[in-house]
Structures are given as C-alpha cells and as structure tokens.
Undergrad: 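Structure incoming, see below.
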Amino acid sequence: QVQLVESGGGLVQPGGSLRLSCAASGSIFTINDMGWYRQAPGKQRELVASITSGGSANYADSVKGRFTISRDDAKNTVYLQMNSLKPEDTAVYYCNAEITMRGRRPPYDYWGQGTQVTVSS
C-alpha cells in the first residue's frame, strides 16, 4: 500500500509564508507527476501546482510568482513553498501523486488526507 502524508499547514498572516510537505511511503517503484490541489469551502477543488518526474512545473494563474513546487525523489517528497500568502489562499491543500508500485502496473493516482492553510490577520 502507498500513503501520502501532508504536513506544514497552519495559520499565517497575509503576506506570510508556509511550506507544505507531502511524503509518500510504501512499495514505490516510481513516482510520476506530483501536484498540489486545494479546496475552499463552497468551491470546487482546483489544481494549484504540479511537477513532472523531470522537474517541469506548472501553476495556477492565481499563485504564479508566489508559490513554488519542488520534489525530492530521494525522500519521495513533494513540497509547496507558499510566499506572499493572501486570504483567498485559505483552503484545505491536498497532495496528489501518480505512483507505480513495485511489481504492479499501471500507475495509480494517490491522494493525501489534506492539510488546512488559513491566511488571516
């Protein structure tokens, strides 16, 4: 079994920063694309940022220039550095990873449990 565990959420003032981490564990062969999604109350879940196995990243327009996604394959971990946070960034943030398990195929889409980010003065 594969699990994704997020951490790093919390309460921060507008203009502040947080770094989210998502560590994958289990019988992992390869991790393909990884990403961060968020869902605010009453709103649809949206893609915040994604990163390929080759390190190519893309971002939602609303976070470009403020957020940075990165990955550490040695730790099976994806990060989301969030700077210049705004109240509208408040949401539950979920990590997502496409993972091929050892001895299994095809890759499967895994989700973390979510971590709350609240931006408020």
Side-chain angles (χ1 to χ4, degrees):
Q1 64 279 3
V2 170
Q3 293 182 333
L4 302 181
V5 179
E6 300 109 329
S7 62
L11 175 64
V12 65
Q13 294 182 345
S17 298
L18 286 173
R19 190 180 76 159
L20 306 183
S21 300
C22 175
S25 62
S27 299
I28 298 170
F29 178 60
T30 58
I31 302 178
N32 301 320
D33 293 353
M34 306 184 79
W36 289 94
Y37 292 74
R38 67 187 181 188
Q39 187 165 23
K43 296 185 178 181
Q44 295 279 66
R45 184 178 61 198
E46 64 173 342
L47 175 67
V48 177
S50 64
I51 186 167
T52 69
S53 60
S56 297
N58 64 78
Y59 301 90
D61 288 341
S62 60
V63 306
K64 284 182 179 178
R66 300 188 297 120
F67 291 10
T68 303
I69 189 170
S70 61
R71 61 192 290 166
D72 184 342
D73 289 337
K75 297 181 178 180
N76 291 329
T77 299
V78 61
Y79 304 94
L80 185 67
Q81 179 67 47
M82 304 184 294
N83 299 324
S84 302
L85 282 162
K86 304 175 180 179
E88 52 262 45
D89 295 318
T90 296
V92 177
Y93 285 69
Y94 299 90
C95 67
N96 176 76
E98 186 182 63
I99 297 173
T100 300
M101 297 179 65
R102 297 186 186 277
R104 305 288 185 88
R105 66 183 306 272
Y108 188 78
D109 202 38
Y110 294 89
W111 292 88
Q113 83 287 352
T115 185
Q116 177 71 47
V117 172
T118 302
V119 184
S120 177
S121 60

Undergrad: Closest approach of Ser50 and Asn58, non-hydrogen atoms and distance?
TA: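 Closest pair (atom of Ser50, atom of Asn58, distance): OG-ND2, 2.7 Å.
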
Undergrad: State, with a plain yes or no, whether a side-chain heavy atom of Phe67 is found less than 4.5 Å away from one of Asp89.
TA: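 Yes, their side chains come closer than 4.5 Å.
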
Undergrad: So which atom in Arg66 and which in Ser84 form the shortest heavy-atom distance, rounded to 0.1 Å?
TA: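 It is NH1-O, 3.0 Å.
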
Undergrad: If you draw a 6.0 Å radius around CD in Gln1, do more than 12 non-hydrogen atoms from other residues or ligands fall strictly inside?
TA: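 Counting neighbours around CD of Gln1, 12 or fewer heavy atoms of other residues, nucleotides or ligands fall under 6.0 Å, so no.
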
Undergrad: Quick one: do Asp61 and Lys64 make a salt bridge, cutoff under 4.0 Å?
TA: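 Counted as a salt bridge, because a side-chain N and a carboxylate O are separated by less than 4.0 Å.
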
Undergrad: Taking all non-hydrogen atoms of both residues into account, name the closest pair between Asp33 and Ser53 and its distance.
TA: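 Here Asp33 and Ser53 meet closest at OD1-N, 4.1 Å.
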
Undergrad: Hey, could you give me the CD/CD1 distance between Gln3 and Ile28, rounded to the nearest 0.5 Å?
TA: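 So the gap between those two atoms works out to 10.5 Å.
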
Undergrad: Looking at every heavy atom in both Ser121 and Pro14, which two are closest together, and how far apart are they?
TA: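 Ser121 and Pro14 have their closest heavy atoms at N-CD, 3.6 Å.
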
Undergrad: Treat each ILVMFWY residue as a node, draw an edge where side-chain heavy atoms are under 4.5 Å apart, and state whether Tyr37 and Val63 are in one component.
TA: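 No, Tyr37 and Val63 fall in different hydrophobic clusters.
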
Undergrad: Does the side chain of Glu6 reach to within under 4.5 Å of the side chain of Leu20, using non-hydrogen atoms?
TA: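 A side-chain contact under 4.5 Å is absent here.
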
Undergrad: Heavy atoms, side chains only, cut-off 4.5 Å: are Thr68 and Tyr59 in contact?
TA: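 Thr68 vs Tyr59: side chains touch.
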
Undergrad: For a quick check under 3.5 Å, do Thr77 and Asp72 share a side-chain donor-acceptor pair by atom type?
TA: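 Distance-only check fails for Thr77 and Asp72.
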
Undergrad: Got a second to check how far Asn32's CG is from Thr100's OG1, nearest 0.5 Å?
TA: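 Output value for this atom pair is 5.0 Å.
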
Undergrad: Let me check something: do Leu18 and Tyr79 share a hydrophobic cluster, defined by ILVMFWY side-chain heavy atoms less than 4.5 Å apart, either directly or through other members?
TA: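 No: no chain of side-chain contacts under 4.5 Å links Leu18 to Tyr79.
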
Undergrad: When rounded to the nearest 0.5 angstrom, what is the spacing between CD in Glu98 and OG1 in Thr52?
TA: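 Interatomic distance, Glu98 CD to Thr52 OG1, rounded to 0.5 Å: 11.0 Å.
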
Undergrad: Identify whether Tyr108 and Met101 are in the same connected component of the hydrophobic contact network (ILVMFWY, side-chain heavy atoms under 4.5 Å).
TA: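 Yes, it is one cluster - the side chains of Tyr108 and Met101 are joined through contacts under 4.5 Å.
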
Undergrad: Assigning hydrophobic clusters by single linkage (Ile, Leu, Val, Met, Phe, Trp, Tyr; side-chain heavy-atom cutoff under 4.5 Å), is Leu47 placed with Val92?
TA: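 Linked, Leu47 and Val92 end up in one cluster.
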
Undergrad: Check for me, please, whether Val119 and Tyr94 land in the same ILVMFWY cluster - side-chain distances under 4.5 Å, paths through other members count.
TA: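 No, Val119 does not connect to Tyr94 through the hydrophobic network.
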
Undergrad: Are side-chain heavy atoms of Asn76 and Ile31 found at a separation under 4.5 Å?
TA: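 The answer is yes, as the side chains (C-beta and beyond) meet within the 4.5 Å cut-off.
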
Undergrad: Report the distance from atom CD of Gln113 to atom CG of Leu4, rounding to the nearest 0.5 Å.
TA: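 Answer rounded to 0.5 Å: 8.5 Å.
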
Undergrad: Decide whether Asn83 and Ser17 meet the rule of one side-chain donor and one side-chain acceptor closer than 3.5 Å.
TA: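 Looking only at side-chain atoms, Ser17 and Asn83 do form a donor-acceptor pair, the distance falling under 3.5 Å.
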
Undergrad: Do Ser62 and Arg38 have side chains that approach each other closer than 4.5 Å (heavy atoms only, starting at C-beta)?
TA: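 The answer is yes; the side chains approach within 4.5 Å.
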
Undergrad: Taking all non-hydrogen atoms of both residues into account, name the closest pair between Lys43 and Gln39 and its distance.
TA: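 Closest approach of Lys43 to Gln39, heavy atoms only: O-NE2, 3.3 Å.
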
Undergrad: To the closest 0.5 Å, what do you measure between CG (Leu11) and CD (Gln13)?
TA: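 CD of Gln13 is found 8.0 Å from CG of Leu11.
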
Undergrad: Do you know which two heavy atoms are closest between Ala49 and Leu80, and how far apart they sit?
TA: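 Looks like CB-CD1, 4.1 Å.
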
Undergrad: Could you measure the distance from the CE atom of Met82 to the CD1 atom of Ile69? Nearest 0.5 Å is fine.
TA: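 That separation rounds to 11.5 Å.
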
Undergrad: Could you check whether any side-chain heavy atom of Thr90 comes within less than 4.5 Å of a side-chain heavy atom of Gln116, counting everything from C-beta outward?
TA: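 Yes, at least one pair of side-chain atoms sits under 4.5 Å.
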
